[in-house]
Amino acid sequence: MTCWDILEKRARTERDKAVEAISEVRGRLEEQQTLCERVQKIAEQYQEKIKATQGSATQFGDIQLYRTSLKDMQHAVGSIRREIAILELELTRKKSLLTQVEIERQKYQKLVEREKERVAKAVARQEARVLDEIGGQLHYRKSKLA
């Protein structure tokens with residue numbers, strides 16, 4: 001195993017780690033987006049309840065409770081959206097890192113391939129020398145025998 005093989009293996013390991021990190025961030029991002037949708041639906045339900053209770057003769061406390069809950073839900077949606085934005089930035093950074101690691105891995109892979117080609121050419125040259133030497137010896141023997 002050459003040094004290029006080792007470096008390529010390390011780069012492949014780093015790439016795999018970057019892919020796992022991206023997968024983890026995507027999972028967290030999907031969770032936050034789902035949570036945001038749920039909270040928005042709850043906020044819409046509170047708005048509908050506020051509209052429904054304003055039209056009827058209900059207690060003022062119920063309307064205040066719905067309004068407070070609606071504000072809390074809107075605040076939660078804002079917090080979740082900030083978290084989504086942070087996760088999207090993190091995902092962008094991780095993708096950039098993955099790109100860099102993949103370029104590095106491909107570079108080492110090319111170097112490994114070049115090393116194998118160089119070794120194969122060296123072996124072929126050595127075999128050609130041996131065959132030339134054998135051919136020369138056979139020619140010399142034939143000329144002596146003739």
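Keep in mind that what you see is a predicted model, and the values were worked out from it rather than measured. If you read the sequence from its start, that first residue is 1, and numbering goes on from there. The basis for the numbers below is simple: all heavy atoms, side chains too, and nothing from hydrogens, waters or symmetry mates.
Residues meeting the salt bridge (Lys or Arg N to Asp or Glu O under 4.0 Å) test with Arg10, sequence neighbours left out: none. Qualifying side chain to side chain donor-acceptor pair (under 3.5 Å) partners for Arg118, counting only residues two or more places apart in sequence or in other chains: Glu115. Remark: Glu90 pairs with Arg28 by the salt bridge (Lys or Arg N to Asp or Glu O under 4.0 Å) rule, at least two apart or across chains. Looking at residues two or more places apart in sequence or on another chain, you find a salt bridge (Lys or Arg N to Asp or Glu O under 4.0 Å) between Arg15 and Glu102.
Separation of atoms CG (Leu98) and CG (Asp16) is listed at 9.5 Å; rounding is to 0.5 Å. To the nearest 0.5 Å, the span separating CG on Leu87 from CD1 on Ile80 amounts to 11.5 Å. Distance CD/Gln106 to CD/Glu113: 10.5 Å, rounded to 0.5 Å. To the nearest 0.5 Å, the span separating CG on Leu70 from CD1 on Ile50 amounts to 5.0 Å. How far CG of Leu65 is from NZ of Lys49: 9.5 Å, rounded to the nearest 0.5 Å. Note that the CG atom of Asp5 and the CZ atom of Arg12 stand 9.0 Å from one another [nearest 0.5 Å].
In this structure, the side chains of Thr99 and Ile103 come closer than 4.5 Å at one or more pairs of heavy atoms. In this structure the side chain of Gln100 reaches within 4.5 angstrom of the side chain of Leu97, judged on heavy atoms.
For Glu30 and Arg26, the salt-bridge test fails: no basic side-chain N is under 4.0 Å from an acidic carboxylate O. Salt-bridge check for Glu104 with Lys107: passed, with a basic side-chain N closer than 4.0 Å to an acidic carboxylate O.
Under a hydrophobic clustering in which Ile, Leu, Val, Met, Phe, Trp and Tyr are joined whenever their side-chain heavy atoms come within less than 4.5 Å, directly or via other members, Leu138 and Val130 fall into the same cluster. Both Leu29 and Val19 belong to a common hydrophobic cluster when Ile, Leu, Val, Met, Phe, Trp and Tyr are linked at side-chain heavy-atom distances under 4.5 angstrom.
The side-chain hydrogen bond (donor to acceptor under 3.5 Å, both in side chains) contacts involving residues 35-44 comprise nothing, where partners must be two or more places apart or lie in separate chains. Sorted by first then second residue, the side-chain hydrogen bond (donor to acceptor under 3.5 Å, both in side chains) pairs that include residues 65-79, not counting sequence neighbours, are Ser79-Arg82.
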Apply side-chain contact (heavy atoms from CB on, under 4.5 Å) to residues Leu35 and Glu31 and explain how you reach the verdict. CA-CA 6 Å; Leu35 181 62; Glu31 288 174 4; over 6 Å; no
Which is it for Glu133 and Arg129 under the side-chain contact (heavy atoms from CB on, under 4.5 Å) test, yes or no, and what are the steps along the way? CA-CA 6 Å; Glu133 189 178 312; Arg129 280 190 211 122; over 6 Å; no
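The minimum heavy-atom distance linking Ile84 with Cys36 is given by the pair CD1-CB, 4.2 Å.
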